[in-house]
A.B. asks: 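Please see the structure below; I have some questions.
Note on naming: letters A, B, ... go to the chains in the order of the sequence lines (proteins, then strands), and numbering restarts at 1 for each one. No hydrogens, no waters, no symmetry mates; every other heavy atom, side chains included, goes into these values. Remember, predicted model here, so these are calculated numbers, not experimental data.
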There are 2 protein chains.
Amino acid sequence: MATIKDVAKRAGVALSTASYALNGNQKVSASTIEKVLKAARELNYQKNGFASDLKRTKTNTIALILSDMSGPYFSELIKGVQEVTASHQYDLIACSSLGGDRSTATKFLREKRVDGAIILANNISTQLIEESAREDFPIVVLDREVQNPFAIHVKVDNRHGAYQATEHLIENGHRTIGYISGPHDSHDNEERFKGFSDALKDYEIPFQSRFKISGNFTRDGGYRATKMLIAQQQLPDALFYANDEMAIGGLQAFSEKGISIPDDVSIVGFDDIQLSEYVNPPLTTVKQPKYEAGALAVHTIFQMLAGEQVDQSFDLSTEFVKRSSVRSK
Amino acid sequence: MATIKDVAKRAGVALSTASYALNGNQKVSASTIEKVLKAARELNYQKNGFASDLKRTKTNTIALILSDMSGPYFSELIKGVQEVTASHQYDLIACSSLGGDRSTATKFLREKRVDGAIILANNISTQLIEESAREDFPIVVLDREVQNPFAIHVKVDNRHGAYQATEHLIENGHRTIGYISGPHDSHDNEERFKGFSDALKDYEIPFQSRFKISGNFTRDGGYRATKMLIAQQQLPDALFYANDEMAIGGLQAFSEKGISIPDDVSIVGFDDIQLSEYVNPPLTTVKQPKYEAGALAVHTIFQMLAGEQVDQSFDLSTEFVKRSSVRSK
DNA sequence: CTGTTAGCGCTTTCAC
DNA sequence: GTGAAAGCGCTAACAG
């Protein structure tokens, strides 16, 4: 593999000259540049990015760490992150934290391979994040709070969103309401459950714990949880699914058993993923400002990189989206 | 920022000893390892990944380059890639080629930052790929053929898939059939159009070029192309959308104008993205083996990395998925 | 403009 | 086991 040294030799110039030429430094004459470029082409030279990063100590790259890159939920978030990153002439790489604290993602957290990171991955431990964030390595976390001045928190108001959705259910006459939950280690899930519980409490509606089933935030989990509920023979009036994916899984389970939504059971979801608008019936849900969250996260990273003071935490609000999966009073 | 040197000093050992201890080399006594680890913890040491990669000349990482990370189409592909990569203990990073040959992606292609790459991005030039692939940097390209022995091609049979879908339209009595195309530089689009044309030819049906409109593979593009067609006042019997996203955009355009699918116009798509099953009416389309393509691509990369001989090209077949967007005869 | 040179932080011989 | 020392390939300060 050809190095810059080989290029310099072939072009008959000094090492530094070759480096300057290759990097477009003005000190070099056009003819020299041409010579160097030609030599590089002939040798099929490819620069070793690590070596130059090592020298520069800056990578111009930020990492986006997601618990599952292939989830539909992340699309819009990525878009927000991507656009702002590009507009700052930075590079973006995404990686999955599949495998938790033993995943690829940790390589980016533990070893200084990027200038900053945005994390939305419940399977990365808070401890790891706290250990990693530092002045020259700012982190924005999207799903929890972290005790480290260089780990900023951009959160959406899960609690209020869940409260609104639950209230909507109550106002439409539903009294026994179940909750299909996400993973127990998910802070988002916890907050949503709190909002849900708050609403129930405020309206003095008792919550029956047998109507709380875990669905793990996946479509399949929602499907299975719903099946289980159906098997219990005694369905609640309404179901709050902690995310849309699970609600869509639930929709399928109901449809297979001939149970009609919303005539027999009303359901609401959370997130407002793209599909939700298209399922039958269209899903009433709580919209998260995913694009905005992504954009704000990167923006914050850049501010911190520039040494500016930023708030420790940002709050984004949700929006209730009424469609047709809740029976009107 | 603490370096390994600082750690060694604090632990009172030599630089190399610290390195060995940190990397779990057996030469070091347990007590020494403990000492070093303690010092590292105290200094909040984080290793510089670049420096070690530079030394090792291997990154254990492969890159997945996509024209748009946020597209729904890529989800399953990513899943396939991800799982196989992880099973080989390799890391995976994804990056977008938004910006074409000037994007982040090129950094990974031009500078040796990863051990191999998988590309599905029509906006990356064939030339760049040809220049980049080499023995120690294998590339798998998913959407075109490339003249370089180290750039392998995993392709799905777009042509045959499109042929089948078109045939289905013809067999159900449709005679004037339009084609909503993807970007002109997309090889996939080209192949699909060929399959489409082949079918028309075989059944001796003329193709009217005014019924070929570009929709750029995006939902919005499909929407606009369809609007344009509607404005022309003279709709064809059926429309072949070169991908599902555009077809879904088209569905919306038709619905806004009160044109019924499939009663007034029949449509077929291509890809079989998740949404296609849920739209109204469910979209008849051609399913691509996305997961398999991703898995095969990584698998091939690993074979090449291991120095094994591999075929220059692999073919995966498509599957026709009949749903309800085509009027039966 | 060009060439010499000193590292960036780490791994890894090789001698002790 | 341990420590000194030689670079990996590149950039950039410095002196011509």
Side-chain angles (χ1 to χ4, degrees), chain A residues 1-40 43-61 107-108 110-115 132 134 136-137, chain B residues 1-37 39-40 43-61 107-108 110-115 134 136-137:
Chain A
M1 177 103 185
T3 72
I4 196 171
K5 211 165 146 186
D6 302 320
V7 174
K9 197 182 297 169
R10 181 170 193 115
V13 300
L15 193 61
S16 61
T17 310
S19 174
Y20 291 137
L22 255 13
N23 292 301
N25 189 305
Q26 11 245 6
K27 305 189 193 180
V28 196
S29 70
S31 69
T32 309
I33 291 185
E34 192 34 59
K35 254 195 319 198
V36 173
L37 257 31
K38 180 158 168 286
L43 291 169
N44 200 208
Y45 166 74
Q46 275 182 258
K47 108 160 163 187
N48 182 321
F50 298 128
S52 76
D53 282 344
L54 178 56
K55 205 45 204 187
R56 298 183 194 224
T57 68
K58 216 175 151 243
T59 67
N60 263 268
T61 304
K107 190 161 145 181
F108 288 94
R110 285 196 189 287
E111 307 173 6
K112 204 186 169 341
R113 290 170 182 282
V114 288
D115 294 344
S132 305
R134 57 183 67 205
D136 66 345
F137 189 62
Chain B
M1 175 105 186
T3 72
I4 196 171
K5 209 165 148 186
D6 303 319
V7 173
K9 197 183 296 171
R10 183 172 190 113
V13 300
L15 195 61
S16 59
T17 309
S19 173
Y20 288 139
L22 256 12
N23 293 300
N25 189 306
Q26 9 246 4
K27 304 187 194 183
V28 196
S29 70
S31 68
T32 310
I33 291 185
E34 191 36 58
K35 255 195 319 200
V36 173
L37 256 33
L43 292 168
N44 199 210
Y45 166 72
Q46 274 182 260
K47 109 163 168 186
N48 182 319
F50 297 130
S52 73
D53 282 345
L54 178 55
K55 232 3 225 200
R56 300 189 167 162
T57 69
K58 218 178 149 241
T59 67
N60 263 269
T61 303
K107 191 161 143 179
F108 288 93
R110 285 197 188 288
E111 309 173 4
K112 206 189 168 339
R113 289 170 183 280
V114 287
D115 294 343
R134 56 182 70 201
D136 65 346
F137 188 63

A.B. asks: Can you measure from CG (L22(B)) to OG1 (T17(B)) and round to the nearest 0.5 angstrom?
C.D. replies: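 It is 11.5 Å, given to the nearest 0.5 Å.
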A.B. asks: Go along nucleotides 6-16 of chain C 5' to 3' and tag each nucleotide: B for a protein heavy atom under 4.0 Å from its base, S when only backbone or sugar atoms are that close, - otherwise.
C.D. replies: -BBBBBBB---
A.B. asks: Does any N or O in the side chain of Q46(A) come within less than 3.5 Å of the main-chain N or O of R110(B), such that one atom is a donor and the other an acceptor?
C.D. replies: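 Present.
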A.B. asks: Nearest 0.5 Å, what's the CZ-OG1 distance between F108(B) and T61(A)?
C.D. replies: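 Between atom CZ of F108(B) and atom OG1 of T61(A) there are 6.0 Å.
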A.B. asks: I need the CG-P distance between L43(A) and dG9(D), as an integer number of Å.
C.D. replies: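 These atoms are roughly 14 Å apart.
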A.B. asks: Which residues in residues 6-14 of chain B have a heavy atom closer than 4.0 Å to any atom of DNA chain C?
C.D. replies: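 Heavy-atom cutoff 4.0 Å gives no residues at all.
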A.B. asks: Any chance NZ of K9(A) has more than 12 other-residue heavy atoms, nucleotides or ligands included, within less than 6.0 Å?
C.D. replies: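 No, NZ of K9(A) has 12 or fewer neighbouring heavy atoms, counting only those of other groups under 6.0 Å.
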A.B. asks: Please assess R113(B) against D53(A) for the test salt bridge (Lys or Arg N to Asp or Glu O under 4.0 Å), listing each intermediate value before the final yes or no.
C.D. replies: CA-CA 10 Å; R113(B) 289 170 183 280; D53(A) 282 344; 2.6 Å; yes
A.B. asks: Any sub-3.5 Å donor-acceptor pair from K5(B)'s side-chain atoms to V7(B)'s backbone N or O?
C.D. replies: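 Here the side-chain-to-backbone pair does not exist.
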A.B. asks: How sharply is the helix from dC1(C)-dG16(D) to dC16(C)-dG1(D) bent, taking the axes over five pairs at either end and rounding to 10 degrees?
C.D. replies: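 It comes to 40° between the two terminal axes.
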A.B. asks: For Y20(A) and I33(A), run side chain to side chain contact (heavy atoms under 4.5 Å, CB included): C-alpha distance rounded to whole Å, both residues' side-chain angles, the deciding distance at 0.1 Å, then the answer.
C.D. replies: CA-CA 8 Å; Y20(A) 291 137; I33(A) 291 185; over 6 Å; no
A.B. asks: Look up atom CG in L37(A) and atom NZ in K35(A), then write down how far apart they are to the nearest 0.5 Å.
C.D. replies: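 So the CG of L37(A) and the NZ of K35(A) are separated by 12.5 Å.
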A.B. asks: What's the separation between atom CG in D6(A) and atom CG in L15(A), rounded to the nearest 0.5 Å?
C.D. replies: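 D6(A) CG to L15(A) CG: 10.0 Å, rounded to 0.5 Å.
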A.B. asks: Measuring from K112(A):NZ to D136(A):CG, what's the distance to the nearest 0.5 Å?
C.D. replies: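 These two atoms lie 5.0 Å from each other.
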